[in-house]
Peer 1: 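Dropping a structure here in structure tokens format, bear with me for questions.
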Amino acid sequence: MTIQYKSIKELNEMLNNKDISPTELLDETFQLIDEHKDLNAFVTLNKEGSYKAAKELDSKDAFSSLEGIPIAQKDLFCTKDILTTCGSKMLSNFVPPYTATAIENLEKAGCLSVGKTNMDEFAMGSSNETSFYGNVLNPWNKDFVPGGSSGGSAAAVAAGIVAAASGTDTGGSIRQPASLCGISGLKPTYGRISRWGMIAFASSLDQAGPMARTVEDCALLLNEMCSYDKKDTTSLNVEIPDFTHNLNNEIKNKKIGIVKEFDLSKLDQNVVKNFESSLDQLKKLGAEIVEVSIPNISLSVPTYYVIAPAECSSNLSRYDGVKYGFRTDNITDLENLYINSRTEGFGEEVKRRILIGTYVLSAGFYDAYYKKAQQVRRLIKNDFDNAFKEVDVIVSPTTRGPAFAAGSKSGDPIQMYLEDLFTIPANLAGLPAMSIPSGFENNMPLGLQIIGNHLDESTVLQVGHNFQVNTDFHNQNPSKGVS
Amino acid sequence: MSWETTIGLEIHVQLSTKTKLFSGASTQFGSNPNTQVDYVDLGLPGVLPVPNREAFNKAIMFGLATNSTINSISFFDRKNYFYPDLPKGYQITQMNKPIVENGEIAIYVDNKEKIINITRAHLEEDAGKSVHDLFDGKTGVDLNRAGTPLLEIVSEPEISSPEEAVAYFKAIHQLVTYLDICDGNMSQGSMRCDVNVSIKKPEDTELGTRAELKNINSFRFIDRAIRHEVNRQIKLLEKGEKIVQETRLYDSDKNETRSMRSKEAANDYRYFPEPDLLPIVIDQNEINEIKNNMPELPKAKVSRYIDVFNLDEADAKIIATSKEMSKMFETAAAESMNPQLAARWLIGEVNALLNKDNVLLSESKLEINNFSALIIRINDETISGKIAKTVLEKIWETGDTVDSIIESEGLVQIKDSGLIEEICNKVVSDNPDQVAAYRAGKDKLFGFFVGQVMKESKGKANPKNVNEVLKKLLS
Amino acid sequence: MDKETVSTIAHLSRLSLENEKGDKLISDLEEILEFVDQLNDANTENVDPLSSPLEMTARLRNDDLNSKDRKSKFLSNAPDSNEDYFLVPRVVE
């Protein structure tokens, strides 16, 4: 018996049937981690902590949905007494004295945190090539990138090592790697999940979310990750529904929007074909496809590449070699303590974004760049508000193409930034959005993105689940190959 | 050539909340270094600020007391710069929309009232402290103060002399201590100020180039720093040189200001809206509730003192502008049943001592109950006014109680008529020539006899009794 | 981007561009700025800037003590400290 590629739901049945105990589940999980070391999905393992939690569950008779389920946590979440690097040399020795609220919620629900997953440095990247701890490989083809920044989490789930992982998404960092690795991943509404203990990249865009093999598993994880947290004043004090509740309701007569302004003619034609067949599938389920207009959507990427670097340049100022983290050995005075610690401690992409952010906020440029981008951000949000008067969800391809070869885009920042063309708009507008497997191109997975209205994760999940129970893409895995 | 001075003050007031502006750590002064530091204050990764309601309440009290606009929506911004005592690499402040705007406060110089307009008062977090001289070749950083709430009060450039600047600073000091939103302790840095100074010729319509004097924390230094800076600027301009707009540090030891230009090189704070904090909304109900719970303000006190205690307006104002003094007055007035006497002593003798030492009543050794006791002892004629002055001076030095000073120095007034008669008789018989002259019509000599009696009794004889006895003996 | 701007931005960021990767970074920056210049296409007259997708207001906290002394833990994680202070090279005021 193997637990590889099992979903949370399947593992839960095994636990309740006494086919396996939580401790045995961990034994197998750590064995799988070991067997897939070459993927470089994990930075740090948490054997001691997870076994301790598992032992306390071993004697249980009945297991609730997440009790005893091994989970991988993105190394961006602070975890008490466990190294938390955020993919950076800067935090290569940082052991937080607290645990992020989202992780605490999952652990309270019984999840066993088996380790911290590799990621693009400070979540800045779309290929997991910016990590100080090395590239993560795509389990479907190890020459290809897994996407990023939650690449380690996506690869661990795609390789069937764990059924679930946490991720974070600032411009697509859950959805893009989910798409490239053939799994499901959800970025909830901004404010749904507390940001406390999540190492900030761009505060007004960052949002945590679940990554799993199925939409249903994502709903189970979301149920527990959400909470109203007094430590985060941007956390929403709203009712948290049972996100599994209407998964099985049919989507007949749901109105599904496609964005008029997304110019698909410039895309990889296999992606377009795949997207069209996804639309056919949705139509078959009774949904109505409606064209909506988001006139300013084409400005999303430039808007994002002003706002995110601006916030990042300020958020990353705290890494200065004084209070914690990395400090250079080359010190003669305070000034070069700062400069050398930061120059040696940060990688190239992080530096690029800090410099851009500093530039767009500096005197004389603020209005032309930062303020302008914030104005366009409002236009984009207004566009979405209008579109959601007409439709229940909006769909698009998640990415412009399947996973690409490692190294093929890393020299060209703009090409890399355009990776997030379809995912960025939802972050700017703060809307929930998920990626689900929708097919393959040259044996590499493709994804369908479903964007929902403010706080309407339920409908996103419902559409995704309906799609999934009528397709087989999510059941494929790298070991058996695409069937 | 004559020059006009234009001064604007930015006063940083530490608000007396229990906890910091964005964390639940204590703000208490004087604890061991780095023992009052929360995750948020250390700027650890992933932690978030949560604003303290009480800091807003205190800022609103200040706004209400200065007839300011209270903005129902205010925002926080980030001010970005690197310094070891600024753990996040940015300070959270209110740049674009402060909680308080457009207020005013009255100051008094030479008993003349002048209104100074307040541009704005905004909330921000204090930085930690750097200790430069304790460790060999290294600077130590203590973050206990990091995150303490500050109200930065910015005046319009309407102050035109060092005296006015001091009066303005004192007026703000008195107000914030009145409102109990700041402990007013200058030596602990609870109030610090930056002073903008420029000069121009009377006929010029535009203000001159200003210099900003940083971080001045006493009344005396404000006065000296401004005087020094004005002289420096006059000398430059009269030599035909230009004033550079810059920040200057006042060195109280050398009594000079020096440029901090080097530190400012290419400083650009890159203010932008703090994305971790949504706008703060204060509704009218909250403002009304704060209004209803405010302590009585100086203005109301002045009218009450005039109506109830029959004080002169000028006297009432002097007493009412200081919280300590008004408390002292009200206690002494009630306990001695002689408000006029209490007022006279505060405005006269106590004020003279305050001015002589340039200190605040709260910093002196004179306590409220001790002052009451002094007024009671004068009122019941245990001591004469003259003795009382000596007693007050003793209290000023030592802080001892009135009764213990009277007792240990043997200052109780002599009212025993036998004893007084004895002394008077002695004086009369010791000075036969003067007696003869007085009786021959030289009335002025009466004072001489009183003086001799007082000298003989070491000032303790009751003057009223002495007068009566002497009149009888000399007639 | 002229040299002076580049050096100002690098100084404000406390990053050094004086290594072999510096030139590449600068040309990347120019390319990115050119890319974001597309924003000028948008008509944003009378549009309020949006700084958070949540158009809500902040909650305030009561003034209750909620922290403890963590000095020894914090100082032991610092690159340089003594028993009371974080230490940095001497700053001359």
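First the proteins, then the strands, lettered A, B, ... as listed; each starts at 1. Source: prediction; values computed, not measured.
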Peer 1: Quick one: which of C/R90, C/R61, C/K71 has the most heavy-atom pairs under 4.5 Å with chain B, could you say?
Peer 2: C/R61

Peer 1: To check you understand the geometry: which heavy-atom pair defines the closest contact between C/S67 and B/A25, and what is its length?
Peer 2: CB-CA, 3.6 Å

Peer 1: Quick check on B/P51 against chain C: is it the side chain, the backbone, both or neither that has a heavy atom closer than 4.5 Å?
Peer 2: both

Peer 1: Shortest non-hydrogen contact from B/V37 to C/F74?
Peer 2: O-CE1, 3.4 Å

Peer 1: Let me confirm one number: the CZ-OH distance from C/R14 to B/Y81, rounded to the nearest 0.5 Å.
Peer 2: 11.5 Å

Peer 1: Set out, in order, the CA-CA distance, both residues' side-chain angles and the distance that settles side-chain contact (heavy atoms from CB on, under 4.5 Å) for C/D64 and B/T19, then state yes or no.
Peer 2: CA-CA 7 Å; C/D64 299 327; B/T19 65; 5.7 Å; no

Peer 1: Heavy atoms only: give me the nearest C/A58-B/I280 pair and the separation to one decimal.
Peer 2: CB-CD1, 3.7 Å

Peer 1: With a 4.5 Å limit on heavy-atom distance, are the side chains of B/K138 and C/V88 in contact?
Peer 2: no

Peer 1: Would you check if B/L143 and C/F86 make a side-chain contact, meaning some heavy-atom pair closer than 4.5 Å?
Peer 2: yes

Peer 1: Could you have a look at B/P275, B/P273, B/G137 and say which one has the most heavy-atom pairs with chain C under 4.5 angstrom?
Peer 2: B/G137

Peer 1: Could you pull out the closest heavy-atom pair between B/F82 and C/L12, with the gap in Å?
Peer 2: CE1-O, 3.4 Å

Peer 1: When rounded to the nearest 0.5 angstrom, what is the spacing between OG in B/S26 and CG in C/N66?
Peer 2: 12.0 Å

Peer 1: Can you name the nearest heavy-atom pair linking C/D69 to B/N34, along with the distance?
Peer 2: OD1-O, 4.1 Å

Peer 1: State, without any angle test, whether B/T17 and C/D63 hold a side-chain donor-acceptor pair at a distance under 3.5 Å.
Peer 2: no

Peer 1: Quick one: closest heavy-atom pair of B/R53 and C/L60, and the distance?
Peer 2: NH2-O, 3.7 Å

Peer 1: Take atom CD of C/Q38 as the centre, draw a 6.0 Å sphere, and report whether it contains more than 12 heavy atoms from other residues, nucleotides or ligands.
Peer 2: yes

Peer 1: Is any side-chain heavy atom of C/N62 closer than 4.5 Å to a side-chain heavy atom of B/E54?
Peer 2: no

Peer 1: For the interface with chain C, which of B/I73, B/V141, B/D41 has the highest count of heavy-atom pairs at distances below 4.5 Å?
Peer 2: B/V141

Peer 1: Taking the side chain as every heavy atom from C-beta outward, state whether C/R70 and B/T35 have any pair of such atoms under 4.5 Å apart.
Peer 2: no

Peer 1: What distance do B/T139 atom OG1 and C/L87 atom CG have between them, rounded to the nearest 0.5 Å?
Peer 2: 8.5 Å

Peer 1: From C/S52 OG over to B/L277 CG, what is the distance, rounded to the nearest 0.5 angstrom?
Peer 2: 10.5 Å

Peer 1: Is B/P84 in contact with chain C via its backbone, its side chain, both, or neither, using a 4.5 Å heavy-atom distance?
Peer 2: side chain

Peer 1: With a 4.0 Å cut-off on N to O distance, would you call B/D38 and C/K68 a salt bridge?
Peer 2: no

Peer 1: Measure distances from B/T27 to the heavy atoms of chain C and classify the residue's part below 4.5 Å as side chain, backbone, both or neither.
Peer 2: neither

Peer 1: With side-chain contact (heavy atoms from CB on, under 4.5 Å) as the test, would you mind laying out the steps for B/L134 and C/Y85 before giving the verdict?
Peer 2: CA-CA 10 Å; B/L134 230 51; C/Y85 293 90; 4.2 Å; yes

Peer 1: Which atoms of C/N77 are under 4.5 Å from chain B, going by heavy atoms: the side chain, the backbone, both sets, or neither?
Peer 2: neither

Peer 1: Counting heavy-atom pairs under 4.5 Å to chain C, which of B/N32, B/V40, B/L42 comes out on top?
Peer 2: B/L42

Peer 1: Look at atom CD of B/E289 and say whether more than 12 heavy atoms of other residues, nucleotides or ligands are closer to it than 6.0 Å.
Peer 2: no

Peer 1: Could you look at C/S13 and say if it's the side chain, the backbone, both or neither that has a heavy atom under 4.5 Å from chain B?
Peer 2: backbone

Peer 1: What part of B/F76 is in contact with chain C, defined as an atom under 4.5 angstrom from a non-hydrogen atom: side chain, backbone, both or neither?
Peer 2: neither

Peer 1: Can you tell me which portion of B/V131 sits under 4.5 Å from chain C's heavy atoms? Options are side chain, backbone, both or neither.
Peer 2: side chain

